[in-house]
There are 2 protein chains.
Amino acid sequence: MTSSPSSLDATQLGAYFALIEASSLLKHAVEQQLREAGDLSYVQFQLLATLGDSPTGSRRMTDLADGVVYSRSGLTYQAQTLEKRGLVTRTPSSDDERSITVTITEEGRAVLAGVFPGHVTILGDLLFAPLSRSDIETLADILGRARDHMRQTPPRSAEPRRRRKAAGS
Amino acid sequence: MTSSPSSLDATQLGAYFALIEASSLLKHAVEQQLREAGDLSYVQFQLLATLGDSPTGSRRMTDLADGVVYSRSGLTYQAQTLEKRGLVTRTPSSDDERSITVTITEEGRAVLAGVFPGHVTILGDLLFAPLSRSDIETLADILGRARDHMRQTPPRSAEPRRRRKAAGS
DNA sequence: GCAATGTGCTTCGGATTCGAAGCAACTGGA
DNA sequence: TCCAGTTGCTTCGAATCCGAAGCACATTGC
């Protein structure tokens, strides 16, 4: 029942602004901590964390890009940067010659371990401090639903790359 | 009671990821709509919207920077861009010679009005669609508290520009 | 096997961001 | 008034991001 009125009511506006502002403020703070603690950008941290989560410590580029929200080209850039620093390795997959498997290295894990405590502290102090346990549960639930919905709905360009023949000139 | 354990429990992690992902997805979608409908970046839209909200249609640069979350230099860049397009004017304040007053123009208001309906639609379809009214209220409350807390807590560098004399060398 | 299409990743150019440093105007105290 | 410190904004350089275009491998249909 999305009636789509031409404006938002005060509550909706408040939720929208609060979401944008809170995530911006949090992201800025976290970025600063990551930069100081391990010279990582936020994306780089997300990539390392995602890889560290994987049982094998590795993922395909495309799966990484989906997990994080960034563009393919941006991912390439950051993966190269991380590779230069020796925090990940990139090897062509054996199945698909064009697919690249990214794997976190020991040093990558070390850097990750180095920044993690500070990361957790920041989250606790900035995001969770003013919230009760029940608030946090509610937040996870509501935003989780919103995220799942947005992931399903065609997020980027409605039609990824279809170019059905272009019907001549 | 910030016990700051060395890791987060599943609920906290879920809330954190959901917040980051939901805001990222939403922001990307909105950015695309704004670009298509009025060739505006997200910051530019926020600036115009903030100015449009003001009774006088104008604000000082610093107040704008505080309202949005961006850096002063980034604000300067965007304000110049908007001025080139004739969507805002920038005039030195009469009180403070160094202060700049930014004012939205008629054309700025027109562009704002042009992108607004689509903006509202995106929000409705992506963010609010899967949420009940009570969800939205709760979200506004919780994230509002988090935002206020983060705004108070030294967000950027712990000490903005204090260089209290530097106790000479 | 070969051509047409699809998929995975990178390169390219341009836009946007930030922090540090710099300039100019204001403020308070001697 | 004059000086030191503060505040408002801009410039500068570097980093990061994206989308479009391009390249190479894979897959399908014939």
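These numbers were taken from a predicted model, which means no experiment stands behind them.
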Given [options], identify the nucleotide with an atom nearest to the side chain of [X].
X       : options                : result
A:Glu97 : C:dT16, D:dA26, C:dT11 : D:dA26
B:Asp96 : D:dC18, C:dG19, C:dC26 : C:dC26
A:Met61 : C:dG8, D:dG8, C:dT10   : C:dT10
A:Ser73 : D:dC9, D:dA20, C:dG19  : D:dA20
A:Arg35 : D:dG8, D:dT16, D:dT10  : D:dT16

Let me know the distance between [atom1] of [X] and [atom2] of [N], rounded to the nearest Å.
X       : N      : atom1 : atom2 : result
A:Gln32 : C:dC18 : CD    : P     : 12 Å
B:Arg72 : C:dA20 : CZ    : P     : 14 Å
B:Arg59 : D:dG8  : CZ    : P     : 16 Å
B:Glu36 : D:dG19 : CD    : P     : 11 Å
A:Glu31 : D:dC17 : CD    : C1'   : 12 Å
A:Tyr42 : D:dA15 : OH    : C1'   : 19 Å
A:Lys27 : C:dT17 : NZ    : P     : 12 Å
B:Arg60 : D:dT7  : CZ    : P     : 12 Å

Contact under 4.0 Å: [X] side-chain N or O vs [N] OP1/OP2:
X       : N      : value
B:Thr62 : D:dT7  : no
B:Arg98 : C:dC23 : no
A:Ser99 : C:dC9  : yes
A:Gln80 : C:dT11 : yes
B:Arg90 : D:dT10 : yes

Ionic contact status for [Y] with [X], cut-off 4.0 Å:
X        : Y        : result
B:Asp9   : A:Arg133 : yes
B:Glu107 : B:Arg85  : no
B:Arg60  : B:Asp63  : yes
A:Asp66  : A:Arg151 : no

* To do: For A:Asp95, answer base if it contacts any base atom (sugar-phosphate contacts may also be present), sugar-phosphate if it contacts only those atoms, and nothing otherwise; contact means non-hydrogen atoms under 4.0 Å.
  =>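 The answer is sugar-phosphate, as A:Asp95 gets under 4.0 Å only of primed atoms, P, OP1 or OP2.
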* Check: B:Ile20 main-chain N/O paired with B:Ser23 side-chain donor or acceptor under 3.5 Å -> yes
* Asked: For A:Ser41, does its backbone N or O pair with a side-chain atom of A:Gln44 as donor and acceptor, under 3.5 Å?
  -> yes
* Would you kindly compare B:Tyr77 and A:Gly74 by the position of their nearest DNA chain D nucleotide and give the one closer to the 5′ end? => B:Tyr77
* Structure fact -> Comparing A:Leu75 with B:Ile100, nearest DNA chain D nucleotide closer to 5' gives the residue B:Ile100
